[in-house]
2 protein chains.
Amino acid sequence: METDLPKFDSAFSIDFVIFGFEAGELKVLLIERNQEPFNDWWALPGNLVENNESLDDAATRILFELTGFRDMHMEQFHTFGSVNRHPLGRVITVAYYALIRIIGQKEIRPVTQYAKKVSWHAINELPKLAFDHDEIFESSIQKLRRRLGYQPIAFELLPEKFTLTQLQLLYEAILNKKLDKRNFRKKMLSYGFLKELDEKQKGVSYRAAKLYKFDRRKYFKIFQNDLNLES
Amino acid sequence: METDLPKFDSAFSIDFVIFGFEAGELKVLLIERNQEPFNDWWALPGNLVENNESLDDAATRILFELTGFRDMHMEQFHTFGSVNRHPLGRVITVAYYALIRIIGQKEIRPVTQYAKKVSWHAINELPKLAFDHDEIFESSIQKLRRRLGYQPIAFELLPEKFTLTQLQLLYEAILNKKLDKRNFRKKMLSYGFLKELDEKQKGVSYRAAKLYKFDRRKYFKIFQNDLNLES
DNA sequence: CCAAAAGTGTTGGAGGTACACCCATGA
DNA sequence: TCATGGGTGTACCTCCAACACTTTTGG
């Protein structure tokens with residue numbers, strides 16, 4: 001066991017639950033650890049926060065180092081600070097979720113020395129994770145579900161142009177339940193922030209669906225701010 | 001300026017937004033600092049996390065030290081980690097809100113050496129706060145508003161026996177808007193988790209109102225778990 | 001022409017909103 | 001008896017849920 005972490009008796013880290021949506025399934029990016037403790041286990045990607053960077057800056061940097069992407073939607077959702085969550089010492093971790101568009105860019109650039117492999121895992125078939133990462137994941141999915149109700153996060157996971165069926169499948173994957181097709185479409189379109197394009201799906205061997213775009217400007221015009229959505 | 005904080009170039013703290021409800025107003029407990037930086041400023045109470053305690057344990061301890069109360073409802077809501085949020089060095093703070101029943105126990109026991117005074121302030125008349133505490137407060141009230149919709153937090157702020165008008169005033173204070181009396185009562189009673197008592201308000205110079213109790217058991221029977229409340 | 005998914009309306013019920021007056025009590 | 005808040009019902013409307021068939025397209 002090596003202890004190459006600076007100030008390891010009291011360190012901050014950031015751990016990421018990185019969500020992607022592909023083939024109708026919600027997926028999470030995991031790394032296979034290349035280091036004790038939990039060598040060979042799957043874990044959420046993450047790293048330590050440097051002394052001269054804010055949490056959000058650290059999150060941006062770490063996500064870039066891990067995936068090669070910038071400007072992903074990300075948000076802090078909980079901080080985990082049990083004394084013994086890390087066997088080698090005290091590490092408090094701020095958990096973020098990130099939403100990325102898998103489509104088109106399947107190859108995540110290989111990562112730090114901490115990871116042997118990086119790969120997407122369907123959220124219904126996750127392996128047992130290292131540390132307290134099961135708990136972190138569980139917490140992330142609950143937050144995601146809740147925020148789906150009042151923030152336009154679904155569109156961060158879809159390609160720019162998408163069909164209503166894709167959107168519905170994504171909602172179903174996040175909420176983990178079936179929705180009624182007609183009701184779903186009616187409601188989504190009634191909001192007025194989906195822009196119908198003059199374009200159709202390509203390469204399918206059945207009737208091609210219309211493509212839509214999320215109109216962020218209209219969305220924010222309709223919901224001045226997030227909070228106006230409720231009561 | 002003294003720097004008596006241990007490991008001050010990278011410390012954790014917990015800051016509290018402690019809410020109370022009194023005289024129809026939502027209030028927050030602030031301390032007047034007795035120390036540089038921000039000597040004489042009002043600030044949110046808080047303290048450093050020790051190395052051998054989890055965040056929630058630290059929160060419980062700190063809240064007890066500050067107020068003399070245990071078993072208050074409290075919950076972490078965000079972690080603030082700008083590099084320069086504390087002028088003397090890097091301090092990452094995990095913000096919690098706590099809900100306490102002011103009624104009957106107006107005297108908060110005097111506090112640490114960090115505070116000259118401790119007092120309740122109506123949330124609409126807050127002074128400018130030290131550090132980034134304005135931002136932390138703002139964030140807390142938004143979380144509180146949202147959680148009011150799906151968690152039984154109002155009852156943590158009211159005395160055990162309360163009138164429907166008190167409950168309504170509390171909702172109005174948190175949501176910062178007027179509600180319709182008849183609709184509010186109808187809806188609250190329709191949930192079925194308020195127990196009407198054979199008792200009335202005392203000491204008022206007008207018709208005394210019926211008292212109610214929150215029936216936690218029924219609440220959890222009705223809403224198996226928090227998440228079932230939505231969609 | 002077949003397989004596959006796209007696309008489309010109506011109805012009933014629940015719940016939300018708007019709204020105004022009489023009642024009970026203590027001073 | 002008066003001032004103060006307590007307590008109550010109805011009508012409308014919006015939104016949600018349930019539900020099945022026809023259309024389009026590529027192979």
Side-chain angles (χ1 to χ4, degrees), chain A residues 21-25 145 148-150 158-159 161-173 175-213 222-223 227-231, chain B residues 21-25 145 148-150 158-159 161-173 175-213 222-223 227-231:
Chain A
F21 183 63
E22 190 189 27
E25 281 189 308
R145 265 178 208 148
L148 186 63
Y150 59 90
L158 291 171
K161 302 172 182 183
F162 53 85
T163 69
L164 290 178
T165 298
Q166 286 173 322
L167 184 61
Q168 181 177 347
L169 287 172
L170 176 53
Y171 268 76
E172 291 178 345
L175 299 175
N176 193 29
K177 69 178 182 195
K178 283 276 171 201
L179 301 173
D180 179 88
K181 183 162 65 158
R182 278 175 291 190
N183 292 337
F184 181 81
R185 286 162 176 249
K186 208 186 318 170
K187 187 168 158 189
M188 277 298 155
L189 293 174
S190 78
Y191 288 137
F193 53 63
L194 292 184
K195 185 171 175 186
E196 185 179 330
L197 303 177
D198 286 332
E199 218 174 323
K200 299 206 164 181
Q201 219 177 6
K202 274 176 190 142
V204 293
S205 74
Y206 46 80
R207 177 173 177 181
K210 279 184 215 157
L211 291 171
Y212 290 81
K213 249 170 95 172
I222 296 169
F223 306 112
L227 295 174
N228 279 0
L229 266 171
E230 59 194 294
S231 60
Chain B
F21 183 63
E22 191 189 27
E25 280 189 310
R145 262 176 211 152
L148 186 63
Y150 59 90
L158 291 171
K161 302 171 181 183
F162 51 85
T163 70
L164 290 179
T165 298
Q166 287 173 323
L167 185 60
Q168 180 176 348
L169 288 172
L170 176 54
Y171 268 76
E172 291 179 345
L175 299 175
N176 193 28
K177 69 178 182 195
K178 284 275 171 204
L179 301 173
D180 179 87
K181 182 161 66 158
R182 278 178 290 192
N183 293 337
F184 181 81
R185 287 162 176 250
K186 207 187 317 171
K187 186 168 159 188
M188 278 297 156
L189 293 174
S190 77
Y191 289 136
F193 53 63
L194 292 184
K195 186 172 174 183
E196 184 180 331
L197 303 176
D198 287 332
E199 218 174 322
K200 298 204 165 181
Q201 219 177 6
K202 274 175 190 142
V204 293
S205 74
Y206 46 81
R207 176 175 177 181
K210 278 184 214 155
L211 291 171
Y212 290 81
K213 250 169 95 170
I222 297 169
F223 306 112
L227 294 174
N228 279 1
L229 265 172
E230 60 195 296
S231 61

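Here is how names work: the chains are called A, B, and so on, in the same order as the sequence lines, proteins then strands, and each is numbered from 1.
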Problem - No-H, no-angle donor-acceptor pair, K187(B) side chain to dT17(C) base, under 3.5 Å - result: no
Problem - Which residues share a side-chain contact (heavy atoms from CB on, under 4.5 Å) with E172(B), sequence neighbours left out - result: Q168(B), L169(B), K178(B), L179(B)
Practice task
Provide the closest heavy-atom pair for G24(A) versus A173(A) in the form atom of the first, atom of the second, distance.
Solution key: O-CB, 4.4 Å
Handout entry: For E196(A), all residues meeting salt bridge (Lys or Arg N to Asp or Glu O under 4.0 Å), sequence neighbours excluded
Key = K210(A)
Practice task
Identify whether any heavy atom of T165(A) sits under 4.0 Å from a base atom; if not, whether one sits that close to sugar-phosphate; answer base, sugar-phosphate or nothing.
Solution key: sugar-phosphate
Exercise for the section: Quick one: closest heavy-atom pair of E199(B) and K161(B), and the distance? Expected result: OE1-NZ, 3.0 Å
Handout entry: Name of the residue among L158(A), T165(A), L175(A) meeting side chain to side chain contact (heavy atoms under 4.5 Å, CB included) with L170(A)
Key = L158(A)
Completion exercise
To the nearest angstrom, the CD-C1' distance between E196(A) and dT8(C) comes to 13 Å
Exercise for the section: Kindly write out the residues that satisfy ring-ring contact (aromatic ring centres under 6.0 Å, His included) with Y206(A), not counting sequence neighbours, or none if the list is empty. Expected result: none
Practice task
For the side chain of K186(B), starting at C-beta, report the closest nucleotide among dT10(D), dG6(D), dT10(C).
Solution key: dT10(D)
Problem - Those residues that, when tested against N183(B), pass side-chain contact (heavy atoms from CB on, under 4.5 Å) (two or more places apart) - result: D180(B), K186(B)
Under 3.5 Å, which protein N or O atoms sit close to an N or O of nucleotides 21-25 of chain D? Give each pair with its distance.
residue: dT23(D); atom: O2; partner: R207(A); partner atom: NH1; Å: 2.8

Practice task
Please round to 10 degrees the angle between the axis of the first five pairs and the axis of the last five pairs in the helix from dC1(C)-dG27(D) to dA27(C)-dT1(D).
Solution key: 10°
Practice task
For K210(A), report the nucleic acid contact type (base, sugar-phosphate, nothing); a contact means any heavy atom under 4.0 Å.
Solution key: sugar-phosphate
